[in-house]
Amino acid sequence: MIAMPSHTATVAMEVNDTTVAAAVETRTSLAEFLRVQAGLTGTKLGCEHGVCGACTVLVDDEPTRGCLVFAAQVDGKKVRTVEGLADGRALNRLQQAFHENFGLQCGFCTGGILMSMTSLMEKEPNPSREQIVEWLSGHLCRCTGYETIINAVLAAVAGGEDLR
Amino acid sequence: MTWQTSSHRSTPMVAARSVGRSVLRSEDPRLLSGGGRYLADLSLPRELHAALLRSNEAHSRLLAVDVSEAQALPGVHLVWTGADVATFCQGIEGALAVDGCIATVMPLLARDTLHYVGEPIALVVADSRAIAEDAMELISVTTEPLPPVTDPNAALEAGSPLANEQLAGNVGLRGGASFGPVDECFAVAHRVVEETYHTGRLSPTPMETRGVIASYDWASQELKLWTSTQMPHLIRYFVTAYLGIQENLVEVLTPDTGGGFGQKAHLFVEELLMPLASRELNRPVKWVEDRRENLMVAGQAHEQFITIALALDSDNHITAMRTRALGDGGAFHQPPWSMAVEPWCAAAVTPQGVYNVKTLEYTYEAAATNKAPVGAYRGVGYMAGTYAREAIIDEAARAVGMSPFDFRRLNVVKQLPWVNGQGVTYDEGSWLESIDRLEQMVGYEEFRERQLAARAEGRYLGLGISVFVESTGESTAMGKAHGLPDVYHDTATVRMDPNGTVTVTLGLTTQGQGNRTTAAQVAADMMGVRPEDVTVIAGDSTRHTYGSGTVASRGAIIAAGAIGRAAGPLRDKLLAVAANMLEISTDDIELADGRASVRGDSEASVSIADVATSVYFDDSVWPEGFDPGLEATFAYDAGRPMFSNGAQAALVEVDPFTGFVTVDTMYVIEDCGTVINPGIVDGQIRGGAVQGIGAALFEQLLYDDAGQLTTTTLMDYHLPTADVIPVFKIEHLQTPSSHTWNGAKGMGESAMIAAPAAVLNAVNDAIAPFGAILRDIPITPEDVLRAIGQVTD
């Protein structure tokens, strides 16, 4: 007979500039917290092993697999998700470049990829194709064959330094 | 062969305006901003969560299942075993309606026997998925081992244990046919080339796993079933048939879907279990598959052993061919495609490809094994069949000392229309041209020089080609041409609103293909408006139009056909009213760019919005006896088999020290008739080819001798990543179909069909200096090193 977990913890984090606080089971992952407690379902779960990258969000500006981190570990931190990318009511330059370059098909992996590429462009405003490929290799996309995603990021990079 | 001609198999002709342009996808802004609503994103009030306890043994007697501790766990609402659900449904029957297919009945939950790792044993419904999984740990299962059947070749030998007692001799499918004097041709052949090829067991691996939410309401007796499926109408039909619920009381809803690739084009037991549980508990029940389950049980695919023999005359013409396809079927037929579709399609549907071989015979077999059931995956049957054929064509070319281009050119059908040995007519295509064009594209002679120069430096480059022809737009005529008596048709509703915008409702669902955008382009051209003035509802609910499923490269053809037919009478009404408004004959009016214009008079026009307003609100401009409805629903079924074709070349480099294969460039010639949206079509090509590269080099579901699946995470089942993709060079030849109004043919599967053979042939070209040849995929680095003698046991 295994012990059934019943521990709860109160977790508060700043998600896309809004504070979200909730009492959750300690086994709740960050991705689940974002999807259920914060109601932001743009963060997807594709494998729950940290392989596919669909759950990638930025925790204090660092790309993080939402499925491999407990919500409690992110207590007090700042989280950015795909829902926070748009510039007001317009797609930001990276999102727009994905649109114009056919950089997505089913869209399931797209949110995580956008967050990693956002982080790359914040760290390295002028990344090379090789750097983009290296960062993108941490994500699985089953639809596009990746080339249009790489082209989209290159187009966004060519558009200037400020993502907005 | 004659074809039944019906009105639902023809469409009116109009000029293309937005068709042919890379219109940006209307789907994107929502998906790019996190607004997609996939199945797992939906929540209903009072919903409960389900988990399935699955077998961790391949083949066992199931002696007892004790669920008492699980039932007692707080938060658990229901625990069912096989006996519990058998009272509602004995199981789901599966078989393909082709000669020699033996049906099976798959229980919703295992009863007396466990047949494969992953077979569901018990359903748990609880307040949360986590509690349901906790409860699963408390279920005690008692089994007695039975011998596992894991090798499909051995499974068919006399005396083999049975994988499933329903299939005598482990035969799930056995049949074949012969056309012309095959034995005679082989007897007098100048040369016979014969080999066996193996394609690995694949998982389609959509990034979104499967999922089902069922909500049954006892008061209205209505069932709402959300499911991540490619064929909602078929699911509704099965649900009503198996569960005894009236069809008008069942609505199947399809939210945003994160890829399908054929995996989501089946009826799965979860689609029956969740409605049953919801009806029992009178609460919504949600089940979202995890990745382990997806790799274990969600429609495995493509594994075949294909033996091909070619008879050649002294001029190197292929005079006859024999094909034997054997599929590793798993333990049950998964409806509707079953374990039959892979080997049947590989052997019986275009076995000769583009080559002028009318004398041929084929046999197809599916062997039952203690593995998860196989199903459809992009290029079903076609990929394995094309793989084996294009591989042996290369071996034959090498045997007779011809270039792979010259040998194919010698044997390709040069005159279309062409009737093959089985009596199937191929109306049009660019079979020879695609080979010529590909040779120019790759610069063949120059490549051979580069290859020699590289070898001098110890580098091994290879070029491999693959030529295909593919049936697309699965239709009644297509099925009948190949001996499959299925009937297909889809409806579309087109409505123009009083201000001239258009709403299209399709029976087709979408899994990421951009169908809403391409359908809007089609409708825009038919109605003379812009694509952005068209909203497309793509199979969201079975309440509206009917569809036979987004499968088998049907989308473009069905959209063009059904929208074309439904828009036709609306056009006529717009023309009639515009003629009265402009006081001119309908024959002189053109609908385009948002205006009804008098031909040859750019000044005389009225906006289509004004015409629509008049249809709704101004009876003074109506013709006599006018019916003002600007809404029509019509059915469509492609009247003839439609075939796309093309050719691919892979340029690879093989590292002789690591065995790693790098695909440097993929050259693609595609002829799918009229290209509706180049951005979308090229996306299908790249995505399909990368899946083909995955099949050729990386992906394989592996079972051990005990029938245990050893690849249950994406760390073990290797999908291609961005660092292993090639550069793409894509060209389109456009031979329009004469049977769709805009000339489009299907193409969603073609790149996946062609790519694996191109990669294999390229690797074999690269390692030819070692006297080595490979015939099985995936080609792992170890396979390469063994083949070239770098690794020996």
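Per chain, numbering begins at 1; letters A, B, ... match sequence-line order. As a basis for the values below, the full set of heavy atoms in this structure was taken, side chains included, without hydrogen atoms, waters or symmetry mates.
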I need the residue from Pro720(B), Gly35(B), Pro726(B) with the largest number of non-hydrogen atom pairs under 4.5 Å to chain A.
Pro720(B)
If you tally heavy-atom pairs under 4.5 Å between each of Ala751(B), Ala40(B), Gly687(B) and chain A, the highest tally belongs to Gly687(B)
Is any side-chain heavy atom of Arg142(A) closer than 4.5 Å to one of Pro206(B)?
no
Report, as yes or no, whether the 6.0 Å neighbourhood of atom CZ on Phe70(A) holds more than 12 heavy atoms from other residues, nucleotides or ligands.
no
Exactly one candidate in Asp28(B), Asp682(B), Asn677(B) meets side-chain contact (heavy atoms from CB on, under 4.5 Å) with Phe102(A); the answer is Asn677(B)
If you look at every heavy atom in Ile725(B) and Gly145(A), which pair is closest and at what distance?
CD1-O, 3.3 Å
At a 4.5 Å cut-off on heavy atoms, which part of Ser43(B) comes close to chain A: side chain, backbone, both, or neither?
neither
Side chains of Ser33(B) and Gln95(A): does their closest heavy-atom pair fall under 4.5 Å?
yes
Tell me, for Ala130(B) versus chain A, whether the close heavy atoms (under 4.5 Å) come from the side chain, the backbone, both or neither.
both
Which residues, numbered in order, of residues 32-49 of chain A come under 4.5 angstrom of chain B by heavy-atom distance?
Arg35(A), Thr41(A), Gly42(A), Lys44(A), Gly46(A), Cys47(A), Glu48(A), His49(A)
Counting heavy-atom pairs closer than 4.5 Å to chain A, which one of Ile693(B), Leu719(B), Val288(B) comes out on top?
Leu719(B)
Using side-chain heavy atoms (C-beta onward) and a distance below 4.5 Å, is Asp723(B) in contact with Glu134(A)?
no
Over all atoms of both residues, closest heavy-atom pair of Phe108(A) and Tyr38(B)
N-OH, 3.4 Å
In the structure I gave you, are the side-chain heavy atoms of Leu31(B) and Leu104(A) within less than 4.5 Å of one another anywhere?
yes
At what distance, to the nearest 0.5 angstrom, does SG of Cys106(A) lie from CE of Met207(B)?
8.0 Å
Phe98(A) CZ to Leu32(B) CG distance, which is reported to the nearest 0.5 Å
7.5 Å
Heavy-atom distance under 4.5 Å to chain A: side chain of Pro74(B), backbone, both or neither?
neither
Per-residue contact mode, Arg292(B) against chain A (heavy atom under 4.5 angstrom)
neither
Just give me the residue among Asp290(B), Val690(B), Leu714(B), Leu24(B) that pairs up with chain A most often, heavy atom to heavy atom, under 4.5 Å.
Leu24(B)
Hey, could you give me the CD/SG distance between Gln511(B) and Cys143(A), rounded to the nearest 0.5 Å?
9.5 Å
Minimal non-hydrogen separation, Ser137(A) against Thr721(B), with atom names
O-CG2, 3.7 Å
Does Lys78(A), at its NZ atom, have more than 12 non-hydrogen atoms belonging to other residues, nucleotides or ligands within less than 6.0 Å?
no
Heavy-atom distances under 4.5 Å only: say whether Gln684(B) touches chain A with side chain, backbone, both or neither.
both
Using only atom types and a distance under 3.5 Å, with no angle test, would you say the side chain of Glu147(A) pairs donor to acceptor with the backbone of Arg686(B)?
no
With sequence neighbours left out, write down each residue that passes side-chain contact (heavy atoms from CB on, under 4.5 Å) with Val82(A), or none if nothing qualifies.
Leu85(A), Leu114(A), Met115(A)
Greatest number of heavy atom pairs closer than 4.5 Å to chain B - which of Thr81(A), Leu140(A), Leu136(A), Val133(A)
Leu140(A)
Heavy atoms only, distances under 4.5 angstrom: which of Glu100(A), Glu83(A), His99(A) has the most pairs with chain B? Name it, please.
His99(A)
